[in-house]
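These notes are about the structure you will find just below.
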There are 2 protein chains.
Amino acid sequence: MLRLSKKTDYALISLTYVASQGDRPASAREIAERHDIPLELLAKVLQRLVQRGVLKSQQGIHGGYLLARPADTVTVAEVVEAIDGPLQLTVCGTSDERCEQFSKCNIRDPLHRIRDRIIGALAACTVSELVNDRHDEPVAMPIAIGGMAIAGRRSHGSDH
Amino acid sequence: MLRLSKKTDYALISLTYVASQGDRPASAREIAERHDIPLELLAKVLQRLVQRGVLKSQQGIHGGYLLARPADTVTVAEVVEAIDGPLQLTVCGTSDERCEQFSKCNIRDPLHRIRDRIIGALAACTVSELVNDRHDEPVAMPIAIGGMAIAGRRSHGSDH
DNA sequence: CTAAACTAGGACTGTTCCAGTCGTATTTAG
DNA sequence: CTAAATACGACTGGAACAGTCCTAGTTTAG
Ligand code: SF4
Ligand code: SF4
């Protein structure tokens with residue numbers, strides 16, 4: 001049904017959130033709780049984004065994830081490919097795979113052209129655009145003005 | 001993985017073939033044999049295209065399928081929607097469906113915009129373009145010049 | 001130095017969706 | 001009447017996906 005996977009959905013939500021947090025690393029737990037995403041599943045998504053060089057991780061007790069590159073250089077297309085693998089409309093996508101109809105197929109080339117256009121549509125949107133576009137709660141900026149940031153990070157808690 | 005279904009694939013192949021045959025109705029069996037598509041499955045695909053007003057059918061012993069409208073008025077987008085249902089990148093596509101993250105989601109609107117662009121890419125290609133684009137065997141045009149067409153329809157046969 | 005809060009990553013399971021099959025009814029030319 | 005075609009719904013097997021579990025490694029507060 002031409003649908004992108006839930007993992008990709010989670011990845012985009014996470015990237016948008018991480019980008020909105022500036023230099024403060026966001027942990028998987030924090031992202032999961034804020035967006036009601038299963039933690040274990042989200043963790044694997046974030047890890048793959050690190051492998052692909054989209055995020056960088058900081059281990060240890062105050063660790064978390066940060067953007068590895070400026071938000072306007074990360075496209076939706078790249079995220080989709082990182083999580084779901086190369087985008088192919090049909091099984092004859094990467095040439096090594098061919099279907100039963102391959103030799104008698106009369107629509108391969110036009111379909112490949114359409115695929116390229118779809119990739120273009122995905123590549124035209126960057127994470128920074130996603131950040132500017134969201135109009136949800138202002139995230140209640142938990143970062144203090146002067147010094148001594150954080151420490152009140154779970155101030156939004158008591159949710160159950 | 002953002003892939004369109006095999007049924008849609010079959011639908012596009014069939015429409016391209018039917019369009020290339022002019023006014024001669026093409027039967028499901030003929031299309032299936034020419035392209036190595038399972039007959040029963042193809043039949044259902046063609047039937048749905050009839051329901052959606054893309055094809056028209058002619059029952060009876062010399063029946064088959066014809067385009068219900070000119071080839072340049074049938075877009076790939078329409079075919080995809082006819083077979084796979086309305087195109088939705090995410091589960092929050094048609095508003096009645098909502099996901100666990102709905103209230104906390106920060107990427108709905110941008111994603112909908114991307115979806116619209118993808119639909120645009122699909123709508124930009126018509127069946128008539130598919131027909132002009134194919135560069136497979138010239139189908140050995142079985143249609144006679146003067147009168148008395150057909151009758152040599154299985155001249156390419158002995159394929160098994 | 002130890003415990004806590006993290007990331008890293010593989011193995012496993014349940015479910016859903018999809019491709020394909022079967023069976024049966026209906027239409028129509030000859 | 002019969003053969004060849006469309007029409008349509010029910011069924012099945014398999015693959016992909018969403019989610020869970022378990023274990024290991026890393027960093028820092030105390
Ligand atoms: S039928 Fe044609 S377009 Fe579809 S997968 Fe096979 S070769 Fe590719
Ligand atoms: S997470 Fe957001 S974009 Fe994805 S399905 Fe839910 S509401 Fe739609």
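Throughout, protein chains are lettered first and strands after them, A, B, ... in sequence-line order, and every chain is numbered starting at 1.
Both cation-pi conditions hold for B/R108 and B/F102: the charged atom is under 6.0 angstrom from the six-membered ring centre and inside a 45 degree cone around its axis.
The local environment of CZ in B/R29 is sparse, with at most 12 non-hydrogen atoms from other residues, nucleotides or ligands closer than 6.0 Å.
In summary, A/R113 and B/D133 engage in a salt bridge, as defined by a charged side-chain N under 4.0 Å from a carboxylate O. Taking the charged nitrogens against the carboxylate oxygens, A/K7 and A/D84 have no contact shorter than 4.0 Å, which rules out a salt bridge.
A/R24 and A/Q21 form a side-chain donor-acceptor contact under 3.5 Å, judged by distance and modelled atom types alone. Neither side chain, B/T126 nor B/D72, offers a donor N or O lying under 3.5 Å from an acceptor on the other.
Set against C/dA29, C/dA8, C/dT27, the side chain of B/Q59 has C/dT27 as its closest nucleotide. Each of D/dG19, C/dG20, D/dT6 was ranked by its minimum atom distance to the side chain of B/Y10; first place goes to C/dG20. Residue B/Q47 places its side chain closer to D/dT6 than to any other of D/dA29, C/dA29, D/dT6.
A sub-4.0 Å separation between OP1 or OP2 of D/dA5 and a side-chain N or O of B/R29 is present. Proximity of A/S57 to the phosphate of C/dA8: a side-chain N or O atom is located under 4.0 Å from OP1 or OP2.
Looking at which nucleotide of DNA chain D each of B/Q101 and B/I61 is closest to, the 5′-most match is held by B/I61.
Among the atoms of the strands shown, none is found under 4.0 Å from any heavy atom of B/E100.
The stretch residues 36-45 of chain B touches DNA chain C through B/P38, B/E40, B/L41, B/K44, each having a heavy atom under 4.0 angstrom from the strand.
If you take CD of A/Q58 and C1' of C/dC6, they are 10 Å apart, rounded to a whole angstrom.
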